[in-house]
Amino acid sequence: MFSALKQPDVLRQDVLASLVVFLVALPLCVGVAVACGVPAELGLITGIVGGIVVGCMPGSTFQVSGPAAGMTVLVFEAVREFGLGMLGVIVLATGMFQLILGFLRFGRWFRAISVSVVQGMLAGIGLVLIFGQMYTMAGLKAPRTGIEKIAGTPGFIGDVLADRDALAAFAVGLGTIAVLVLWKKLPAVAQLLPAPLAAVALATLVTVMTGLDVATVQVRGLGDAIQVPGLDDFSSIGSGALLLTILTFTLIASAETLFSAAAVDRLHSGPRTHYDKELLAQGVGNMVCGVLGSLPMTAVIVRSSANIHAGARTKLSRVLHGVWLLVFVAALPAAIGVLPMAALAGVLVHAGCKLIPVKEIPGLWREHRGELTVLAVTAVGIVATGMFEGVLLGILLAVVKSAWETSKVHVEVHDAGDKVRVRLTGNATFLRLPRILEPLEALPKDRPIELDLSGLRHVDHACRTALENWAARHNDADTEPVLLRHAASTVAGA
């Protein structure tokens with residue numbers, strides 16, 4: 001990183017890239033904080049820590065950290081259940097768990113989580129963001145659960161059309177989304193300005209010039225927003241509900257960071273991410289955020305890709321983006337207070353739409369419907385229950401699906417007249433017991449039977465026990481016992 005200071009060309013490129021990342025991060029930091037139901041400054045604090053603290057640490061060269069839309073639902077639920085004062089404790093404990101996982105070299109194992117579960121997690125978050133933030137776009141109170149938000153859409157439309165102020169605010173949000181969608185169709189010169197910043201700036205300009213009565217971000221100042229956890233806040237950290245929340249934060253934040261790292265590494269030809277070191281860096285960053293009482297951080301693919309596409313050469317670009325955020329908050333705090341809530345909600349609705357893997361669904365439907373089922377169940381689970389339950393359900397289904405597909409077994413029956421030979425090949429597990437036992441139980445009981453298991457690559461305890469029990473009781477008393485032929489020996493059934 002410091003080598004860039006000695007190379008004017010590299011330094012210039014990193015400074016320009018940091019400004020681009022800063023312009024992308026500014027509206028997203030504020031928007032994520034507002035969506036979480038916490039002061040806007042807390043999102044900026046996390047962005048500053050993600051840039052300056054995590055940016056200096058080893059792990060990834062170009063990945064940029066900060067508050068992420070993927071954690072919005074989780075943070076909102078945690079604040080609602082435990083209060084804003086406990087957020088710092090949760091984030092601090094999350095960072096400590098990430099440090100432990102990093103020291104134990106667990107970073108690489110996060111890559112073992114099914115891609116369908118991750119896509120389902122992002123799709124579920126996207127749906128919750130879309131149907132939750134559309135109420136914020138209109139300045140209306142959102143229902144509590146994801147199912148209620150989706151089911152209440154017809155009523156929401158009626159309320160917006162019936163309320164002039166709500167309709168005006170919703171139009172500002174829709175206009176913001178339209179700018180985000182159409183911005184990439186403009187000439188390359190115009191696209192030098194990041195779309196989120198342009199959309200929010202235009203929405204702010206329109207509301208100020210037209211005098212629209214729309215809600216704006218409430219600003220308290222950076223010093224007032226910081227809430228350092230007190231000793232009393234740590235007294236309930238052993239409770240089951242709080243511990244479960246901390247573990248969920250750790251899982252989701254770590255998985256999102258490391259999956260983002262895998263995606264970022266595909267965007268450049270520079271140094272690869274060291275997963276365990278990146279997990280350690282995230283742990284340190286979240287511990288600092290926890291001490292300051294701010295939002296949790298993860299690596300964010302939007303800011304990271306902007307950093308790479310802007311031509312970043314070293315870590316200096318992501319560090320400087322944190323410096324620009326700090327300078328902005330310190331010098332121009334009042335500028336945040338003019339941002340329309342509807343515009344920030346529009347940015348998050350657009351981000352939610354991008355989280356849904358629409359392009360991958362047709363291919364999964366044609367070739368991998370099992371994976372599509374895992375994706376859909378995970379997404380629906382998150383919407384219907386919550387982040388942790390939905391992800392856990394997706395992981396469980398992915399494991400069952402994998403076990404089912406790898407435990408394929410084939411039963412071959414050869415009737416030689418005086419003897420019946422049965423050969424099993426493949427992997428025999430309890431999941432395939434019906435497939436195995438049904439043809440065996442249909443065999444005649446008045447002739448000798450030889451059951452050849454030498455073609456099985458794996459036999460679990462449940463399946464072996466079931467086969468031995470079948471062999472012991474199958475034949476009549478005056479018929480030869482069933483022969484169980486294994487790979488190395490032949491064992492007679494009782």
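Note that this is a predicted model, so its numbers are computed, not measured.
By the side-chain contact (heavy atoms from CB on, under 4.5 Å) test, Ile147 is found to be paired with Thr145, Val383, Ala384, residues two or more places apart in sequence or in another chain being considered. The side-chain contact (heavy atoms from CB on, under 4.5 Å) search around Glu81 returns Ala241, not counting sequence neighbours. Annotation: side-chain contact (heavy atoms from CB on, under 4.5 Å) contacts of Asp163 (sequence neighbours excluded): Asp165, Ala166. Checked against side-chain hydrogen bond (donor to acceptor under 3.5 Å, both in side chains), Thr298 has no partners two or more places apart in sequence or in another chain. Among residues two or more places apart in sequence or in another chain, the side-chain contact (heavy atoms from CB on, under 4.5 Å) test is passed with Asp276 by Arg105, His274.
Annotation: ring pair (Phe, Tyr, Trp, His ring centres under 6.0 Å) contacts involving residues 147-182, sequence neighbours excluded, comprise Tyr135-Phe156, Phe156-Phe170. The stretch residues 36-79 participates, sequence neighbours left out, in these ring pair (Phe, Tyr, Trp, His ring centres under 6.0 Å) pairs: Phe62-His268.
The distance from atom CG of Asp213 to atom CZ of Arg164, rounded to the nearest 0.5 Å, is 11.0 Å. Summarising the geometry, atom OG1 belonging to Thr210 is positioned 9.0 Å from atom CG belonging to Leu205; distances are rounded to the nearest 0.5 Å. Here the CG-CG distance, from Leu242 to Leu247, works out to 9.5 Å after rounding to the nearest 0.5 Å. Atom CG of residue Leu127 and atom CD1 of residue Ile150 lie 6.0 Å apart, to the nearest 0.5 angstrom. Separation of atoms CD1 (Ile48) and CG (Leu292) is listed at 9.5 Å; rounding is to 0.5 Å. Atom CE of Met287 sits about 12.0 Å away from atom CE of Met297, to the nearest 0.5 Å.
For Gln133 (side chain) and Val349 (main-chain N/O), no donor-acceptor pair under 3.5 Å exists by modelled atom type. A donor-acceptor pair is defined here as one N or O able to donate and one able to accept, closer than 3.5 Å; such a pair exists between the side chain of Lys315 and the backbone of Met57. Between the side chain of Thr207 and the backbone N or O of Leu212 there is no donor-acceptor pair closer than 3.5 Å. One N or O on the side chain of Asp14 and one on the backbone of Thr314 form a donor-acceptor pair closer than 3.5 Å. Thr204 places no side-chain N or O within 3.5 Å of a backbone atom of Leu339 that could act as its donor or acceptor partner. The main-chain N or O of Leu295 is found under 3.5 Å from a side-chain atom of Thr46 such that the two form a donor-acceptor pair. Although no hydrogens or angles enter the test, the distance criterion places no donor-acceptor pair under 3.5 Å between the side chain of Ser402 and the main chain of Ala398.
Closest of all the heavy-atom pairs between Val49 and Gly285 is CG1-O, 3.7 Å. What you find for Ala17 and Ser317 is that their closest heavy atoms are CB-CB, 4.1 Å.
His350 has its side chain out of reach of Thr176: every pair of non-hydrogen atoms, C-beta onward, lies at least 4.5 Å apart. Side-chain atoms of Gln63 and Thr257, non-hydrogen and from C-beta on, do get closer than 4.5 Å to each other. Between Ile356 and Ile130 there is a side-chain heavy-atom pair separated by less than 4.5 Å. Residues Leu161 and Ile157 are in side-chain contact: their nearest non-hydrogen atoms beyond the backbone lie under 4.5 Å apart.
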Return all side-chain donor-acceptor pairs below 3.5 angstrom for residues 362-380, not counting sequence neighbours, or 'none' if the list is empty.
| unit_1 | atom_1 | unit_2 | atom_2 | d |
| --- | --- | --- | --- | --- |
| Arg369 | NE | Trp365 | O | 2.6 |
| Glu371 | OE1 | Ser116 | OG | 2.4 |
| Glu371 | OE2 | Lys401 | NZ | 2.7 |
| Thr373 | OG1 | Arg369 | O | 2.8 |
| Thr378 | OG1 | Val374 | O | 2.8 |

Give every donor-acceptor pair under 3.5 Å between a side-chain atom in residues 179-189 and any protein atom, sequence neighbours left out.
| unit_1 | atom_1 | unit_2 | atom_2 | d |
| --- | --- | --- | --- | --- |
| Trp183 | NE1 | Leu193 | O | 2.9 |

Donor-acceptor contacts, no H, no angles, side chain residues 23-42, under 3.5 Å, sequence neighbours left out:
| unit_1 | atom_1 | unit_2 | atom_2 | d |
| --- | --- | --- | --- | --- |
| Glu41 | OE2 | Arg220 | N | 2.7 |
| Glu41 | OE2 | Gly221 | N | 3.0 |

Atom pairs and distances, side-chain donor-acceptor, residues 319-338, under 3.5 Å, sequence neighbours left out:
| unit_1 | atom_1 | unit_2 | atom_2 | d |
| --- | --- | --- | --- | --- |
| His321 | ND1 | Arg318 | O | 2.8 |
| Trp324 | NE1 | Ser18 | OG | 2.8 |

Name the atoms and distances for all side-chain donor-acceptor pairs under 3.5 Å in residues 86-100, with sequence neighbours left out.
| unit_1 | atom_1 | unit_2 | atom_2 | d |
| --- | --- | --- | --- | --- |
| Thr94 | OG1 | Ile90 | O | 2.8 |
| Gln98 | OE1 | Asn286 | ND2 | 2.8 |
| Gln98 | NE2 | Ser254 | OG | 3.1 |

Go through it in stages, so that I can follow the logic: the residues are Thr245 and Phe249, the test is side chain to side chain contact (heavy atoms under 4.5 Å, CB included), and I'd like the CA-CA distance, side-chain angles, deciding distance and then a yes or no. CA-CA 6 Å; Thr245 298; Phe249 268 61; 3.6 Å; yes
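Glu360 and Gln119 form no side-chain donor-acceptor contact under 3.5 Å, judged by distance and modelled atom types alone. A donor-acceptor contact under 3.5 angstrom links the side chains of Gln282 and Ser65, judged on distance only.
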